[in-house]
Amino acid sequence: MSAWQDEVRGAVDGLLYGARSALSPRVLQGAAVEIGWLTTHLAMYPLGLVGSSGSRTERLTLTGLTPAQRSLLVSDVRAAGTPILLAHGIIDNHTIFALMRRQLVRRGFSSIHTFSYSPLTLDVRRTAERMGEEIEAICEASGSDQIHVIGHSLGGLIARYYVQRLGGDQRVHTCVTLGTPHQGTVAARLLPWPLVKQVRPDSDLMTELAEPAPGCRTRFVAFYSDVDQLIVPQRRARIRHTDLVASNLRVRGVGHLSLPFHGEVVHQITEMLAHLDEQDATAGTA
């Protein structure tokens, strides 16, 4: 069988799998919620096109905060001051993190940045190199030797590549991913775009990420949804690597786009980052 026929067969298999999955009640319910968030996000999206290149920074003042909201600054200055970098997915921008940024600020985190890249990006590796340069600049400006990264979809894969393959574990304390194709996605076979080809299960990028990563110190937390429309099958959003310290957290009934907006997901992330030196022993690897 030719390579072209393999591609066609893979695409058809992906479509059939997606069609069967889409008929379940849980997926239909998740799709309804996704449409609601999509409508909101589309209204906000143009705001992200203004000054979307480079990074945005949001800093916290105590003005107007309740004692509960100030608790992190009072109880753990180091946790509150550790910078956080938010990385969006493909064909998206920083507005996808509007709710999360607001909640992080209210929780007491004082240095929040966003990493942006063009939808015309062609290579995960080069984008990860640029992320590394931006992280170095943030650490130098803040005086912090560590940073947290939260990545949605492809943003999480860019962050993982930086940590695992470019020595980023020296800088990144915790890397949180939301709906990231850590093991590739069959849905990527439907598009011939070079960047999308890199997230196919059999791509050279996936092969590289499966290679040993001895001594990697970064803590990974991967949120994955049981109704994610873009990660096919959904379990491929989990991290499976013997050298990585990773927790995989399943979210039920939440679509791909809705993950950064989901209240419980946001709450769990803020709690994790508020405790720098505690491993999440209850997270599990579902």
Side-chain angles (χ1 to χ4, degrees), residues 79 82-89 97 100 104 109 113 115 124-125 127-128 131-132 134-135 138-139 144-185 198-199 201 205-226 228 231 234-251 254 256 259-260 262 264-286:
T82 299
I84 298 172
L85 183 66
L86 308 174
H88 60 74
F97 290 112
M100 186 174 298
L104 287 168
F109 295 98
H113 310 256
F115 176 75
V124 167
R125 298 175 181 88
T127 308
M131 174 181 280
E134 199 150 315
I135 286 175
I138 292 171
C139 288
S144 176
D145 59 353
Q146 288 192 311
I147 192 172
H148 303 307
V149 181
I150 303 173
H152 177 233
S153 194
L154 187 69
L157 200 64
I158 292 168
R160 178 183 169 188
Y161 190 90
Y162 163 67
V163 168
Q164 185 180 331
R165 304 297 299 173
L166 300 179
D169 63 314
Q170 298 180 29
R171 286 296 192 194
V172 179
H173 180 283
T174 300
C175 179
V176 180
T177 66
L178 308 169
T180 290
H182 288 291
Q183 302 175 59
T185 171
Q198 290 190 317
V199 297
L205 182 70
M206 293 296 121
T207 299
E208 185 177 353
L209 288 174
E211 293 177 3
C216 186
R217 295 170 289 182
T218 296
R219 173 180 65 169
F220 286 91
V221 181
F223 288 86
Y224 70 101
S225 169
D226 60 352
D228 195 312
I231 311 300
Q234 289 85 9
R235 64 178 180 272
R236 288 189 171 274
R238 299 180 296 183
I239 294 177
R240 295 298 193 197
H241 196 296
T242 56
D243 292 332
L244 301 184
V245 179
S247 297
N248 296 297
L249 304 182
R250 181 170 57 186
V251 183
V254 179
H256 184 82
L259 281 167
H262 191 257
E264 182 58 29
V265 171
V266 174
H267 174 71
Q268 288 188 61
I269 291 173
T270 58
E271 287 300 306
M272 289 174 194
L273 301 188
H275 302 88
L276 287 182
D277 299 318
E278 297 178 15
Q279 294 297 325
D280 190 2
T282 63
T285 56

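Predicted model only: the values in this text are computed from it and were never measured.
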Measure the shortest side-chain to side-chain distance between [X] and [Y] over non-hydrogen atoms and say whether it is less than 4.5 angstrom.
{"X": "Ile231", "Y": "Tyr224", "result": "no"}
{"X": "Val245", "Y": "Thr218", "result": "no"}
{"X": "Cys216", "Y": "Asp169", "result": "yes"}
{"X": "Gln164", "Y": "Leu209", "result": "yes"}
{"X": "Ile135", "Y": "Phe115", "result": "no"}
{"X": "Phe223", "Y": "Val254", "result": "no"}
{"X": "Val266", "Y": "Met100", "result": "yes"}
{"X": "Arg240", "Y": "Asn248", "result": "yes"}

Would you sort out whether Met206 and Leu157 count as a side chain to side chain contact (heavy atoms under 4.5 Å, CB included), showing the intermediate values?
-> CA-CA 10 Å; Met206 293 296 121; Leu157 200 64; 3.7 Å; yes

Spatial distance of atom [atom1] ([X]) from atom [atom2] ([Y]) [nearest 0.5 Å]:
{"X": "Leu273", "Y": "Thr174", "atom1": "CG", "atom2": "OG1", "value": "6.0 Å"}
{"X": "Ile269", "Y": "Glu264", "atom1": "CD1", "atom2": "CD", "value": "10.5 Å"}
{"X": "Thr177", "Y": "Leu249", "atom1": "OG1", "atom2": "CG", "value": "9.5 Å"}
{"X": "Arg171", "Y": "Arg217", "atom1": "CZ", "atom2": "CZ", "value": "10.5 Å"}
{"X": "Ile84", "Y": "Leu104", "atom1": "CD1", "atom2": "CG", "value": "4.5 Å"}
{"X": "Leu244", "Y": "Cys175", "atom1": "CG", "atom2": "SG", "value": "10.0 Å"}

Nearest non-hydrogen partners of [X] and [Y], listed with the distance:
{"X": "His267", "Y": "Thr270", "answer": "O-OG1, 2.8 Å"}
{"X": "Cys139", "Y": "Ser144", "answer": "CB-O, 3.1 Å"}
{"X": "Thr180", "Y": "Gly156", "answer": "OG1-CA, 3.4 Å"}
{"X": "Pro83", "Y": "Ile147", "answer": "O-CG1, 3.1 Å"}
{"X": "Tyr162", "Y": "Gly132", "answer": "CE1-CA, 3.3 Å"}
{"X": "Ala128", "Y": "Tyr161", "answer": "CB-CD2, 3.7 Å"}

Should Arg238 and Arg250 be marked as a side chain to side chain contact (heavy atoms under 4.5 Å, CB included) after you check the CA-CA gap, both sets of side-chain angles, and the distance that decides it?
-> CA-CA 9 Å; Arg238 299 180 296 183; Arg250 181 170 57 186; over 6 Å; no

Under the 3.5 angstrom rule, does the side chain of Ser153 hit a backbone N or O of Gly155 as a donor-acceptor pair?
->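 No, Ser153 side chain to Gly155 backbone: no donor-acceptor pair under 3.5 Å.
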
Indicate yes or no for a side-chain donor-acceptor contact from Gln234 to the backbone of Asp228 under 3.5 Å, with no hydrogens or angles considered.
-> yes

Show the numbers, then the answer: is there a side chain to side chain contact (heavy atoms under 4.5 Å, CB included) between His241 and His182?
-> CA-CA 10 Å; His241 196 296; His182 288 291; over 6 Å; no

Under 3.5 Å, is there a donor-acceptor pair between the Thr185 and Arg236 side chains?
-> no

If you look only at pairs with a residue in residues 151-168, which of them pass as a salt bridge (Lys or Arg N to Asp or Glu O under 4.0 Å), with sequence neighbours excluded?
-> Arg165-Glu208, Arg165-Glu211

Test of ring centre spacing under 6.0 Å for His148 and His173 | yes

